[in-house]
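The next block holds one structure in the form of structure tokens; read it before the comments.
The first residue in the sequence is number 1, and the count goes up from there. Because only heavy atoms are used, hydrogens play no part in the values below, and waters and symmetry mates are left out as well, while side chains stay in. As the structure is a prediction and not an experimental result, all values here were calculated from the model.
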Amino acid sequence: MDQIDNILEPFRIARRLEEEGKAFFEESARRAQSDLVRQTFTFLAGEEVHHIEKIDRFYRSLEISGGTEVPEIEDSDAEQKLAAFNRRLEQLKDVVSPSLTDVEAYEVAIKFENGAEEFYEQKMNEADDPRIKRFYRWLIDEETMHARLLRSCLNFAKDPASWFKTHK
């Protein structure tokens with residue numbers, strides 16, 4: 001494997017991870033029994049599409065330039081997305097009654113997100129180019145936000161009253 005393949009291979013894997021995540025979230029949304037779970041997984045499937053597009057652009061730039069042109073990546077807006085999602089969750093106070101299957105769905109999804117985050121962390125630590133490291137950091141920030149969002153939903157599903165007390 002030559003140098004450019006060493007650079008590109010993790011991005012091919014990252015793309016597959018994001019595609020698997022998208023498929024997982026779409027299927028989970030289809031199977032969801034509650035509107036909250038359906039909305040959560042639909043949102044996350046859309047996030048995965050956004051990640052795939054970013055990875056594709058980054059990959060193409062590296063591939064075309066032979067690894068010499070590394071595009072800049074903007075900062076993640078994960079914190080703003082998480083805050084907006086939690087605000088929407090707060091509005092569902094009188095509408096949502098989570099079930100055990102909601103809890104199970106969130107627990108599985110958290111494991112999936114944590115696995116992707118671990119992969120990106122490993123690849124970031126292996127990368128030499130600071131711009132490639134920055135791209136992996138962007139992916140890590142996004143996956144961390146997804147896991148935090150899912151943990152928030154999990155906490156909501158387990159104990160809505162307690163969730164509302166902490167999110168006032």
(message) If we ignore hydrogens and angles and just use 3.5 Å, is the side chain of Ser61 paired with the main-chain N or O of Arg57 as donor and acceptor?
(response) no
(message) Does Arg31, at its CZ atom, have more than 12 non-hydrogen atoms belonging to other residues, nucleotides or ligands within less than 6.0 Å?
(response) no
(request) Answer yes or no: is there an ion pair linking Glu20 with Arg16, defined by an N-O contact shorter than 4.0 Å? (result) no
(request) Answer with yes or no whether the hydrophobic clustering places Leu8 together with Phe119; edges join I, L, V, M, F, W, Y residues whose side-chain heavy atoms lie under 4.5 Å apart. (result) yes
(request) For Asn125, look at atom CG and say whether over 12 heavy atoms of other residues, nucleotides or ligands are found less than 6.0 Å away. (result) yes
(message) Rounded at 0.5 Å granularity, tell me how far CZ in Arg12 sits from CD1 in Ile55.
(response) 13.0 Å
(request) Carefully, step by step, assess Glu142 and Asp77 under the rule side-chain contact (heavy atoms from CB on, under 4.5 Å). (result) CA-CA 8 Å; Glu142 292 288 306; Asp77 61 350; 4.0 Å; yes
(message) Using 0.5 Å steps for rounding, measure from the CG atom of Leu154 to the CD atom of Glu107.
(response) 5.5 Å
(request) Report the distance from atom CZ of Arg131 to atom CG of Leu62, rounding to the nearest 0.5 Å. (result) 9.0 Å
(message) Checking His51 now: which residues fulfil ring-ring contact (aromatic ring centres under 6.0 Å, His included) with it, not counting sequence neighbours?
(response) Trp138, His146
(request) Begin with the C-alpha distance, continue with both residues' side-chain angles, and end with the deciding distance and a verdict on salt bridge (charged side-chain N to carboxylate O under 4.0 Å, His left out) for Asp75 and Arg134. (result) CA-CA 9 Å; Asp75 291 334; Arg134 182 170 162 87; 2.9 Å; yes
(message) If hydrophobic clusters are built by linking Ile, Leu, Val, Met, Phe, Trp and Tyr wherever their side-chain heavy atoms come under 4.5 Å apart, do Tyr59 and Ile52 end up in the same one?
(response) no
(request) Report whether Val49 and Tyr120 are members of the same hydrophobic cluster (ILVMFWY, side-chain heavy atoms less than 4.5 Å apart, transitive linking). (result) no
(message) In the structure I gave you, are the side-chain heavy atoms of Lys54 and Ile73 within less than 4.5 Å of one another anywhere?
(response) yes
(request) For residues 10-35, pull every pair meeting ring-ring contact (aromatic ring centres under 6.0 Å, His included), keeping only residues two or more places apart or in separate chains. (result) Phe11-Phe58, Phe11-Phe135, Phe11-Tyr136, Phe24-Phe112, Phe25-Phe41
(message) Hydrophobic cluster membership, with links at side-chain heavy-atom distances under 4.5 Å among I/L/V/M/F/W/Y: are Val37 and Leu149 in one?
(response) yes
(request) Kindly determine whether Arg148 and Glu79 satisfy side-chain contact (heavy atoms from CB on, under 4.5 Å), including the steps that lead there. (result) CA-CA 10 Å; Arg148 287 177 59 205; Glu79 287 301 317; 2.4 Å; yes
(request) Might you point out which heavy atoms bring Ile110 and Ala147 nearest each other, and give the distance in Å? (result) CG1-O, 4.3 Å
(message) Please tell me whether Ile7 and Ile13 are part of a single hydrophobic cluster in this structure, the criterion being side-chain heavy atoms less than 4.5 Å apart.
(response) yes
(message) Applying the side-chain contact (heavy atoms from CB on, under 4.5 Å) criterion to Met145, which one of Glu113, Glu47, Gln80 satisfies it?
(response) Glu47
(message) Any salt bridge linking Arg30 with Glu27? Criterion: basic side-chain nitrogen under 4.0 Å from a carboxylate oxygen.
(response) yes
(request) Only counting residues at least two apart or in another chain, list the ones meeting side chain to side chain contact (heavy atoms under 4.5 Å, CB included) with Glu126. (result) Gln122, Lys123
